[in-house]
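Shown next, in structure tokens, is the structure this report addresses.
All chains are named by letter (A, B, ...) in the order of the sequence lines, taking the proteins before the strands, and each is independently numbered beginning at 1. Everything numeric in this text was worked out from a predicted model, so none of it was measured.
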Number of protein chains: 2
Amino acid sequence: MFVLDTRLHEDTWLIGDFPLCRLLLSNDSNYPWFILVPRREGISELFQLDEHDQQLMWAETTALARTLKDAFGADKMNVATLGNVVSQLHMHVIVRYQADVAWPGPVWGKHPARPYTQAEVGAIQDKLKSVLGVEFTFSEVQ
Amino acid sequence: MFVLDTRLHEDTWLIGDFPLCRLLLSNDSNYPWFILVPRREGISELFQLDEHDQQLMWAETTALARTLKDAFGADKMNVATLGNVVSQLHMHVIVRYQADVAWPGPVWGKHPARPYTQAEVGAIQDKLKSVLGVEFTFSEVQ
């Protein structure tokens, strides 16, 4: 049974689910920073997913990156799975701007997180509702 | 025509070629740090590759991560495409150890690079020759 890692749960807002992955919003308004977590148990590396899930994971990652780049007018998308701290497999899909606080460095550990208000998260959800396809199921606002 | 970005060329050792991607070794012996660059022109985001190339890129990335994890006894593999500095699409596939100098942080910008000697690169090439399959073509040692 899939259970979201406690730290991922605490540091993010739940947005909803793709066929394979849960979509989370990192609670750091410095960047539109999303995280995909495949709803599978006991997986920490990409290649531990079965072949079908690997293809889904890549497809959902790539499609999300494309969608976010347009919707948020990104200068660059950053896509990464590190997992040195939280071992549950998760893929960062981060909208980067040349004007953001960490540019051109990576976002991790650079600046203290700036938590969202619930209204800000609602605005991001509304934006996503206009661009994510029918394969995506939105959760209720937390 | 594909031309490797100048900075990638300067900061790495050439290892060889998968069907789609050039395999480079970052010239930083702090970590076994590899970089895949699809041999396509004018691509900076994953989703700019055509569908077939996307699948190849993901397949080569995942297979390389699996191979390196075993061959180098990694504690964790880090897989990331950032591209904020070098826009030519490239995928980092990095062997991480709990004992490495940046653990558990990401590797970028943490510590000065420690260049390899040619003998050290030769030893890594020898190791790779025993684990990379027939679809990989090794370049001559530089």
Side-chain angles (χ1 to χ4, degrees), chain A residues 7 31 33 36 43-71 74-110, chain B residues 7 31 33 36 43-71 74-110:
Chain A
R7 179 147 171 186
Y31 331 85
W33 174 350
L36 288 170
I43 303 284
S44 63
E45 299 277 6
L46 288 166
F47 50 82
Q48 293 169 341
L49 293 169
D50 70 28
E51 192 75 26
H52 176 255
D53 282 353
Q54 282 181 31
Q55 288 176 15
L56 265 180
M57 176 100 205
W58 291 129
E60 292 178 3
T61 298
T62 309
L64 178 65
R66 182 200 299 266
T67 298
L68 293 177
K69 176 140 199 227
D70 284 350
D75 291 317
K76 186 71 186 71
M77 295 303 301
N78 287 179
V79 174
T81 176
L82 307 177
N84 307 335
V85 177
V86 170
S87 68
Q88 184 173 62
L89 181 62
H90 58 288
M91 182 72 78
H92 301 273
V93 183
I94 309 163
V95 173
R96 300 300 307 275
Y97 301 107
Q98 292 178 8
D100 73 39
V101 291
W103 185 271
V107 300
W108 300 277
K110 277 281 168 102
Chain B
R7 177 146 174 186
Y31 332 85
W33 175 350
L36 288 169
I43 303 283
S44 63
E45 300 276 6
L46 288 167
F47 50 81
Q48 292 169 341
L49 293 169
D50 69 28
E51 192 75 26
H52 176 256
D53 281 353
Q54 282 180 32
Q55 288 176 13
L56 265 181
M57 176 100 203
W58 291 130
E60 292 178 4
T61 298
T62 308
L64 178 64
R66 182 200 299 266
T67 298
L68 293 175
K69 176 142 199 226
D70 285 348
D75 290 318
K76 186 71 185 72
M77 296 303 302
N78 288 180
V79 174
T81 176
L82 306 178
N84 306 335
V85 177
V86 170
S87 68
Q88 184 173 62
L89 181 62
H90 58 288
M91 182 72 78
H92 302 273
V93 183
I94 310 163
V95 173
R96 300 301 307 275
Y97 301 108
Q98 292 178 8
D100 74 38
V101 291
W103 184 272
V107 299
W108 301 277
K110 276 283 168 103

Indicate whether the side chain of B:W58 and that of A:T61 have a donor and an acceptor atom separated by less than 3.5 Å. no
Report which part of A:R96 has an atom under 4.5 Å of a heavy atom belonging to chain B: side chain, backbone, both, or neither. side chain
Among A:G83, A:A63, A:G109, A:A59, who wins on heavy-atom pairs under 4.5 Å with chain B? A:G83
Got a donor-acceptor contact below 3.5 angstrom from the B:K76 side chain to the A:S44 backbone? yes
Can you list everything that forms a side chain to side chain donor-acceptor pair (under 3.5 Å) with A:T81? Sequence neighbours excluded, please. none
Can you list the residues of residues 47-55 of chain B that sit under 4.5 Å from chain A, counting heavy atoms only? B:F47, B:Q54
Return the set of residues passing side chain to side chain contact (heavy atoms under 4.5 Å, CB included) with A:A71 (not counting sequence neighbours), or none when no residue passes. A:K127, A:V131
Greatest number of heavy atom pairs closer than 4.5 Å to chain B - which of A:A80, A:S87, A:G105: A:A80
Test of understanding: with side chain to side chain donor-acceptor pair (under 3.5 Å), list the residues that count as partners of B:W33, not counting sequence neighbours. B:H92
Give me the atom names and distance for the closest heavy-atom approach of A:L82 to B:N78. O-ND2, 3.1 Å
